[in-house]
Amino acid sequence: MIQRARKLWMVVYLAPLAFLVVFYVYPLLSILDLSIRPAGAFDLSGFVKLLSTDYYIGTLVFTVYQAALSTGVTLLLALPCAFVFARYRFRGKSLLLSLATLPFVLPTVVVALAFAALLGKDGLLNDALAALFTLDYEPIQLERTLAIIIIVHVFYNFAVALRIMTSYLSAVGFSLEEAARCLGADELSLWRDIRMPLIRPALLSAGLLVFIFSFTSFGVILILGGIRFATLEVQIYYQAVNMFNLPLAAALSLVQILSMLALMIIYTSTQKQLRLTLASHHSLTKRARSAGARLALGSCVGLIALLLFAPLLALVARSVLVAGQLDFGNFASLAQKSRGSLLFIAPLASVFNSLRFALMAMMAALILGLIASYLIESRGRLSRLADPLFMLPLATSAVTLGFGFIIALDEPPLNLRASWLIIPISHTLVALPFVIRSVLPSLRAIPSSLREAAQTLGAKPLDILLTIDLPLLGRGLAVGATFAFTVSMGEFGASLFVAQRESVTIPVVIYRLIGDPGFASYRQSMAMSVVLLLVCAGGFVLIERLRVAGVGEF
Amino acid sequence: MLRIERVSHAYGEIVSLRDVTLTLDEGEILCLLGPSGCGKTTLLRIIAGLETEYRGLVALEGADIRPMPAHQRQFGLMFQDFALFPHLSVADNIAYGLKRKGLDRKRIGVRVQSLLERVGLEGLDERDVASLSGGQKQRVALARSLAPNPRLLMLDEPLGSLDAQLRDQLALELRGIIKEAGLSAIYVTHDQREAYAVADRLAVMDEGSVRQHAAPRRVYMRPACAFVARFLGMSNIFATGDSRVANLRGLREDDAWTGAKTFLIHPSGMSLSPADAELAAQVSVILDQAVFRGGYFDATASTAAGASLDFSVKDLPVAVGESFDLWIARDAVMPFVD
């Protein structure tokens with residue numbers, strides 16, 4: 001009987017692996033195949049073209065350049081804030097630190113539009129400045145510039161960098177600094193000899209993460225930059241969708257996959273360093289009393305608040321204010337398809353689509369993620385392999401996934417290209433790592449003696465799952481579910497590839513509306529973005545309230 | 001009722017049980033006593049059905065129960081860390097096994113109340129288990145394992161996490177509760193005082209083997225080997241070739257001494273005056289130290305040859321530094337092969 005049960009478990013265990021093989025490994029292999037055998041025969045001309053054309057070299061260089069620049073600016077702003085936050089305590093600090101991570105769940109289309117609403121040609125700031133100084137031109141010209149891309153990348157990554165460095169500095173403590181001070185170190189040598197060497201591992205780790213995020217940035221660059229600022233991601237999209245040059249897109253994707261692989265390997269190795277150097281000094285924060293300290297603290301809090309709230313408030317304001325008057329007409333218009341629109345459906349219908357797909361992706365990701373977590377925890381031969389395996393989709397850009405989907409799943413036996421099913425499937429893939437990272441800590445926290453106690457009290461394996469495991473996994477599952485739902489609602493890169501006609505989701509509709517000519521579409525896109533913002537912010541609040549230490553950490 | 005025959009078990013390369021053979025009679029409390037890592041918890045887990053990879057036989061009332069999964073055995077197991085379900089109240093923890101048996105709510109309620117009463121936790125039914133003290137958690141764990149009327153109750157270091165003062169009293173209380181319920185029980189501990197208080201019989205274990213299996217008094221008075229003697233805190237263990245003590249073990253060299261490597265002079269077999277027992281030796285010693293334990297003295301004295309002897313006596317009319325004669329009973333000298 002035990003033998004049979006074990007066989008049954010193996011079949012269940014294999015479900016998430018099978019899902020990964022069919023919907024992740026297979027599409028990626030298809031990309032590989034297409035890039036080196038574009039016409040069925042071995043042919044590297046795609047790569048030759050890629051590496052011999054200045055334009056594509058330029059794309060590669062620009063991808064690295066903008067990521068490096070984003071990383072530099074983010075670290076430059078986050079580093080002093082990290083020192084201030086690690087040192088001083090103030091009321092609302094933990095709330096602010098947790099609020100600062102809100103961008104993590106915000107869809108790129110929403111954020112791109114929010115910055116357009118703030119800093120764009122018709123943005124709030126230009127309107128205000130024009131009104132204030134009675135100008136007849138727009139003083140801020142940031143649309144389609146590198147600057148606005150970098151600003152948005154800072155918005156996304158600031159909190160990530162801040163969190164890594166602040167927690168590291170808190171763990172290191174300030175006793176070394178105090179010792180140096182007693183030995184006569186002045187402010188300059190403190191920075192040079194003590195602080196910077198101490199923070200270096202955290203700086204490196206945070207920097208790599210920001211670089212990875214910026215390297216794979218897609219929606220932001222597509223919407224705010226345009227083809228002039230094409231990165232690898234944007235180029236893959238253009239080549240695949242606009243030019244229909246699939247072999248070149250595949251070659252670009254392969255470059256992208258390999259770059260990500262290299263970056264992830266480096267990042268993982270810095271993570272190990274980070275753990276090794278962490279000393280266990282207990283850290284003491286103090287109140288900011290001197291004028292200088294207050295100024296530093298005030299600047300940091302102000303910077304975070306400005307960076308975080310200004311664009312989001314601008315977006316909301318733009319959507320409800322028409323000619324200075326409160327007007328919800330933008331939202332009412334969402335029920336109608338505007339004339340001349342490229343859309344097949346009314347914008348509001350996409351809300352229904354998104355909700356439907358998000359619920360499906362959530363359920364699928366929860367079930368597969370739960371099983372995968374058990375597989376990872378099973379300590380079998382498979383489990384050591386399973387942990388990094390299930391994290392792979394996280395390290396693969398959404399555009400690569402979407403592209404892989406359309407080239408791999410367009411022919412029998414798996415012809416899903418025309419089916420709406422392809423959307424929740426792609427979202428499940430993207431959400432799976434989030435669910436596993438949320439469930440695994442809870443699962444690991446259940447002492448095996450609880451299950452054994454239940455067993456000695458007569459509980460059958462299914463009883464144990466239902467009465468012990470699931471109730472204790474409740475929180476982790478809820479966090480995972482919310483993550484999955486939010487991720488699915490905001491998913492843009494893959495959806496843009498796979499969402500067709502009637503099955504488009506909110507982010508895709510927003511993108512299409514931006515492309516549509518006319519003021520009405522612009523207003524509609526703002527209103528749609530607010531709807532999506534509210535959904536994701538709600539998800540964020542839920543996650544923050546539910547999560548306990550360690551759950552959903554990456 | 002329970003028979004364990006030649007059970008062996010290994011964690012990978014590390015052998016944790018070697019050919020363990022034990023029996024448990026109906027209504028008996030058997031104590032598995034030994035240092036940590038001796039395999040006693042593993043043996044318990046094998047009996048409970050939680051450990052399935054092992055060699056040997058486990059039989060209950062003559063029937064082989066090896067293929068039976070843990071949840072069907074109806075053996076209660078009280079865990080060392082109590083393993084209380086953190087998401088359930090005190091009452092729901094206790095009711096867990098009863099629900100698995102399919103009892104109706106009313107009967108479960110009655111049973112839970114009577115158990116709470118028996119372990120002295122009346123009124124705590126709805127409490128969160130996290131809010132309980134160590135002693136209270138221990139009682140809930142006991143009540144939970146007693147609730148489904150187990151055929152066999154197993155307790156793994158049930159008092160391990162409590163302080164020493166509580167332990168003596170709770171050990172007796174535990175024995176009372178188990179006996180009152182008429183249960184057969186296996187009780188794992190590393191504390192000999194606890195074992196003496198609880199057990200009908202002891203099985204002293206070391207490195208995966210049972211070194212001695214007998215009643216507590218028998219184990220104390222006649223330890224089967226040097227390990228058991230040392231584990232019980234006895235220190236007068238000497239190598240047979242030790243010239244300092246050659247005159248202390250008497251002249252008789254019978255079969256028991258062939259192959260003996262060490263011997264023990266039992267601390268309770270020495271006295272300050274010649275008793276009725278047959279004597280092995282009489283030796284002049286100087287008192288090094290004496291501790292009054294209330295009712296008896298634990299003392300240490302050294303011989304002129306330089307051997308140190310620990311002994312327990314009722315009366316000690318000698319001061320430290322004074323010399324006196326010590327009489328060693330022949331029974332107190334025991335040869336060991338290890």
Side-chain angles (χ1 to χ4, degrees), chain A residues 1-10 370 373 377-381 383-384 438-481 545-551, chain B residues 12 41 44-53 66-89 92-103 108 129 137 140-157 186:
Chain A
M1 199 187 91
I2 291 169
Q3 284 298 319
R4 222 179 60 203
R6 237 173 237 169
K7 266 186 200 148
L8 188 72
W9 264 115
M10 278 319 289
L370 188 64
S373 301
E377 263 306 272
S378 68
R379 307 190 187 286
R381 234 176 311 163
S383 77
R384 226 168 311 148
S438 306
V439 172
L440 210 49
S442 306
L443 187 63
R444 286 185 173 145
I446 301 177
S448 59
S449 63
L450 289 185
R451 296 192 190 104
E452 291 166 358
Q455 225 179 328
T456 60
L457 292 165
K460 291 187 279 295
L462 189 66
D463 291 332
I464 296 174
L465 184 69
L466 294 178
T467 60
I468 308 296
D469 284 38
L470 285 184
L472 291 174
L473 288 176
R475 249 165 202 266
L477 281 172
V479 171
R545 297 208 59 160
L546 282 173
R547 78 143 135 243
V548 279
V551 171
Chain B
T41 297
L44 214 57
R45 293 171 55 82
I46 286 175
I47 298 169
L50 297 171
E51 211 71 61
T52 51
E53 312 267 313
R66 283 175 298 182
M68 191 186 279
H71 66 267
Q72 288 173 3
R73 292 194 181 189
Q74 296 180 42
F75 290 176
L77 174 55
M78 189 173 154
F79 287 76
Q80 194 168 358
D81 62 357
F82 307 141
L84 297 180
F85 304 131
H87 58 301
L88 300 181
S89 69
D92 286 340
N93 260 283
I94 298 173
Y96 189 91
L98 299 171
K99 285 183 185 155
R100 301 276 86 69
K101 280 182 116 180
L103 261 62
I108 291 176
V129 290
K137 282 183 185 162
V140 175
L142 177 66
R144 188 179 68 179
S145 47
L146 286 175
N149 259 328
R151 293 194 281 183
L152 167 68
L153 179 64
M154 291 179 283
L155 308 98
D156 188 3
E157 304 259 5
I186 300 178

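Chain letters run A, B, ... following the sequence lines, proteins first and then strands; every chain starts at 1. These numbers come from a predicted model, not from an experiment.
- For the pair B/Tyr96 and A/Ala459, the tightest heavy-atom approach, listed with the atom from each and the gap, is OH-CB, 3.6 Å.
- The closest side-chain heavy-atom distance from B/Arg100 to A/Asp463 is below 4.5 Å.
- Residue contact with chain A, scored on non-hydrogen atoms closer than 4.5 Å, involves the backbone of B/Leu84 exclusively.
- Side-chain contact between A/Thr456 and B/Ser145 is absent, with no heavy atoms from C-beta onward closer than 4.5 Å.
- Of the atoms belonging to A/Ser448, not a single heavy atom falls under 4.5 Å from chain B.
- The heavy-atom pair separating A/Leu450 from B/Pro86 by the smallest distance is CD1-CD, 3.7 Å.
- Environment of NZ in A/Lys460: sparse, with no more than 12 heavy atoms of neighbouring residues, nucleotides or ligands closer than 6.0 Å.
- Only the side chain of B/Leu50 has a heavy atom closer than 4.5 Å to any heavy atom of chain A.
- With respect to chain A, the highest number of heavy-atom pairs below 4.5 Å among B/Met154, B/Arg144, B/Gln80 belongs to B/Arg144.
- Of all non-hydrogen atoms in A/Pro461 and B/His71, the two that sit nearest each other are CD-CE1, 3.7 Å.
- Atom NE2 of B/His87 sits about 4.5 Å away from atom CD1 of A/Ile468, to the nearest 0.5 Å.
- Only the backbone of B/Phe75 comes within contact range of chain A, with heavy atoms under 4.5 Å apart.
- Rounded to the nearest 0.5 angstrom, B/Leu88 CG and A/Leu472 CG are separated by 8.0 Å.
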